[in-house]
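Just the heavy atoms: all of them, side chains too, but no hydrogens, waters or symmetry mates, feed the values below. Quick note: residue numbers are just sequence positions, from 1.
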Amino acid sequence: MKRKYFTEEEIELLRKNPYTFQVNSRQIFFTAAFKKAFMQLYNSGRSAVEAVRELGYDPAILGNGRINSIRKNTISQLTTTGNLHEGPHNLNKETSSLKLPAGSSSDEIARLKQEVAFLRAEIEFIKKSLSLARKRK
């Protein structure tokens, strides 16, 4: 699949959206608020394209590949870190600054962090599912 580059006009249009954290000709990074709103819309039954459109982005500018990546990467952030971060961060600042207790193996700490993040994401999913079930009654 060929990469779609943004034109100068598209970059300016994308910058005007308050959910844009950073954009250049190759990439766009979103705010945590965008990711949260996107997941709420997506979990309420809207498609990724519909969610992006409702949040003020033209799906034709972003392209289907990027939209699919938004969905996939946002879900991945929630399951691995338990929260959503701003922009192009690869590590959660909170967990990257933690010091290992004496005698702890780094593999064990990493495994436990991942398990906690997964459980937090699972709890959020259950809360949202229950909330949707209540609304449907």
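A search for side-chain hydrogen bond (donor to acceptor under 3.5 Å, both in side chains) contacts involving E8 returns nothing, not counting sequence neighbours. For Q40, the side-chain hydrogen bond (donor to acceptor under 3.5 Å, both in side chains) criterion is met by no residue, not counting sequence neighbours. K16 is linked by a side-chain hydrogen bond (donor to acceptor under 3.5 Å, both in side chains) to nothing, counting only residues two or more places apart in sequence or in another chain. Evaluation of the salt bridge (charged side-chain N to carboxylate O under 4.0 Å, His left out) rule for K128 yields no partner, not counting sequence neighbours.
In this structure, the ring of F38 has its center no less than 6.0 angstrom from the ring center of Y57.
A33 and E86 make their closest contact through N-OE2, 4.3 Å (heavy atoms, listed as atom of the first residue, atom of the second, distance).
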Throw together a table of side-chain donor-acceptor distances under 3.5 angstrom for residues 21-28, partners on residues two or more places apart or in other chains.
| from | atom 1 | to | atom 2 | distance (Å) |
| --- | --- | --- | --- | --- |
| N24 | OD1 | R26 | N | 2.8 |
| N24 | OD1 | Q27 | N | 2.7 |

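Here the side chains of N68 and N64 are not in contact, with every heavy-atom distance at 4.5 Å or above. Counting only heavy atoms from C-beta outward, the side chains of F34 and L84 never approach each other to under 4.5 Å. Contact annotation: the side chain of L14 approaches that of L62 to within less than 4.5 Å [non-hydrogen atoms, C-beta and beyond]. You'll find the side chain of L55 reaches within 4.5 Å of the side chain of L41, heavy atoms only.
Taking CG of L130 as the reference point, atom CD1 of I126 lies at 7.5 Å (rounded to 0.5 Å). Atoms CG and CD1, from N17 and I61 in turn, are 10.5 Å apart once rounded to the nearest 0.5 Å. Rounding to the nearest 0.5 angstrom, the gap separating the CE atom in M39 from the CD1 atom in I75 is 4.5 Å. Summarising the geometry, atom CG belonging to L78 is positioned 11.5 Å from atom CG belonging to N73; distances are rounded to the nearest 0.5 Å. Taking NZ of K127 as the start and CG of N43 as the end, the distance is 13.5 Å to the nearest 0.5 Å. Expressed to the nearest 0.5 Å, how far NE2 of H85 lies from CZ of F30 amounts to 13.0 Å.
Shown here is K4, whose NZ atom has more than 12 heavy atoms of other residues, nucleotides or ligands within 6.0 Å.
The side-chain tip of R66 points at the ring of F6 from less than 6.0 angstrom away and within 45° of straight on.
A donor-acceptor pair under 3.5 Å is absent between the side-chain atoms of S76 and the main chain of K72, judged by distance alone.
Within the structure, salt bridge (Lys or Arg N to Asp or Glu O under 4.0 Å) contacts touching residues 48-59 (residues at least two apart or in different chains) are R46-E54.
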